[in-house]
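Atom set for the values below is all heavy atoms of this structure, side chains included, hydrogens, waters and symmetry mates excluded. In this text the structure is predicted, and so the values were computed from the model without any measurement.
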Amino acid sequence: MRKTISIILIGILLMGFFSFFKKENRDSSNMDSAILGMVLLEDLNSFDLKGTLNELRTKWELKITNSEADDEAAVLVIGGYNIAIATVPAAIPEREVEKTAAYNYFWENGVQETSKHKGHIVLSIMNAGKNSVLENLLFSKIASAVMNNSKSIGIYIGGRTLVLKRTSTKRMWK
């Protein structure tokens, strides 16, 4: 199981790495695209995968039809989408997150706060491209569950040049 998860995660990371350097035209009809983001961790050992999966099932009422998981990574199938979640015990290099946070006008101390991240959790919907609205809603639910079950600062979505501060969802959902 570890070997399978490792291979999938390496593929995700390479896909994101190479598409970052390659300026490609992103067409909405692309059926082999991925949604990739990284939850910024303030505490490396704070991620609760079981709590995340429980939240996806209970709060968001998502049916997880297949899953392989250990303490550091999981590969899930939700609604026909292949989802990968993996912890990376290292900060995102070259101040990439901080540089992007400088453009977020709504996060006053974003550069200073994001510079404190010690690791991150990679989130990916690997076979996106069929229905962008549903896929982005699913990604948001997964990101919310991960952030609610970790000591996180926010989320970085490099392909969209976006860094968002983690906010409490308690008042939003009551």
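- In terms of modelled atom types and a separation under 3.5 Å, the side chain of Glu42 and the main chain of Lys116 share no donor-acceptor contact.
- Qualifying side chain to side chain donor-acceptor pair (under 3.5 Å) partners for Glu98, counting only residues two or more places apart in sequence or in other chains: none.
- Under the rule for a side chain to side chain donor-acceptor pair (under 3.5 Å), the partners of Arg160 that lie at least two apart in sequence or sit in another chain are Asn136.
- At least one donor-acceptor pair closer than 3.5 Å links the side chain of Ser124 to the backbone N or O of Ile35.
- Within the 4.5 Å cutoff, the side chain of His117 has no heavy atoms near those of the Tyr156 side chain.
- In this structure, the side chains of Val146 and Ser152 stay at 4.5 Å or more apart for every pair of heavy atoms.
- Across Ala73 and Leu49, no two heavy atoms sit closer than the pair O-CD2, 3.9 Å.
- Take Gln112 and apply the side chain to side chain contact (heavy atoms under 4.5 Å, CB included) test, not counting sequence neighbours, and it matches Asn109.
- Evaluation of the side chain to side chain contact (heavy atoms under 4.5 Å, CB included) rule for Lys118 yields Leu44 as partners, not counting sequence neighbours.
- Contact annotation: the side chain of Leu53 approaches that of Leu76 to within less than 4.5 Å [non-hydrogen atoms, C-beta and beyond].
- Between Thr87 atom OG1 and Ile121 atom CD1 the span is 7.0 Å, to the nearest 0.5 Å.
- A donor-acceptor pair is defined here as one N or O able to donate and one able to accept, closer than 3.5 Å; such a pair exists between the side chain of Thr100 and the backbone of Glu96.
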Worked check of side chain to side chain contact (heavy atoms under 4.5 Å, CB included) between Leu62 and Leu138:
CA-CA 9 Å; Leu62 297 173; Leu138 176 60; 3.8 Å; yes
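- Without hydrogens or angle criteria, Ser33 side chain to Ala128 main chain gives a donor-acceptor distance under 3.5 Å.
- The distance from atom CG of Leu56 to atom CD1 of Ile83, rounded to the nearest 0.5 Å, is 9.0 Å.
- Hydrophobic clustering (side-chain heavy atoms under 4.5 Å, transitive across Ile, Leu, Val, Met, Phe, Trp, Tyr) groups Val88 together with Val97.
- The backbone N or O of Ala90 sits less than 3.5 Å from a side-chain atom of His120, completing a donor-acceptor pair.
- Summarising the geometry, atom OG belonging to Ser67 is positioned 9.5 Å from atom CD1 belonging to Ile78; distances are rounded to the nearest 0.5 Å.
- Scanning both residues, Ile157 and Phe139, for their nearest heavy atoms gives CD1-CE2, 3.9 Å.
- Side-chain contact between Tyr81 and Lys130 is present, with heavy atoms from C-beta onward closer than 4.5 Å.
- Residues satisfying the side chain to side chain contact (heavy atoms under 4.5 Å, CB included) test with Asn54, not counting sequence neighbours, are Thr58.
- Applying the side chain to side chain contact (heavy atoms under 4.5 Å, CB included) rule to Asn82 yields the partners Val77, Met126, Asn127; only residues at least two apart in sequence or on another chain are considered.
- Residues satisfying the side chain to side chain donor-acceptor pair (under 3.5 Å) test with Asn104, not counting sequence neighbours, are none.
- The heavy-atom pair separating Val163 from Ala101 by the smallest distance is CG2-N, 3.9 Å.
- Pairing each heavy atom of Phe47 with each of Thr52, the nearest pair is CE1-OG1, 3.3 Å.
- As a member of the Ile/Leu/Val/Met/Phe/Trp/Tyr network built from side-chain separations under 4.5 Å, Leu137 groups with Val133.
- Side-chain contact between Arg95 and Val111 is present, with heavy atoms from C-beta onward closer than 4.5 Å.
- Expressed to the nearest 0.5 Å, how far CG of Leu164 lies from CZ of Phe106 amounts to 10.5 Å.
- Crowding of Lys141 atom NZ: a count of heavy atoms from other residues, nucleotides or ligands under 6.0 Å exceeding 12.
- Not a single donor-acceptor pair under 3.5 Å links the side chain of Glu55 to the backbone N or O of Gly51.
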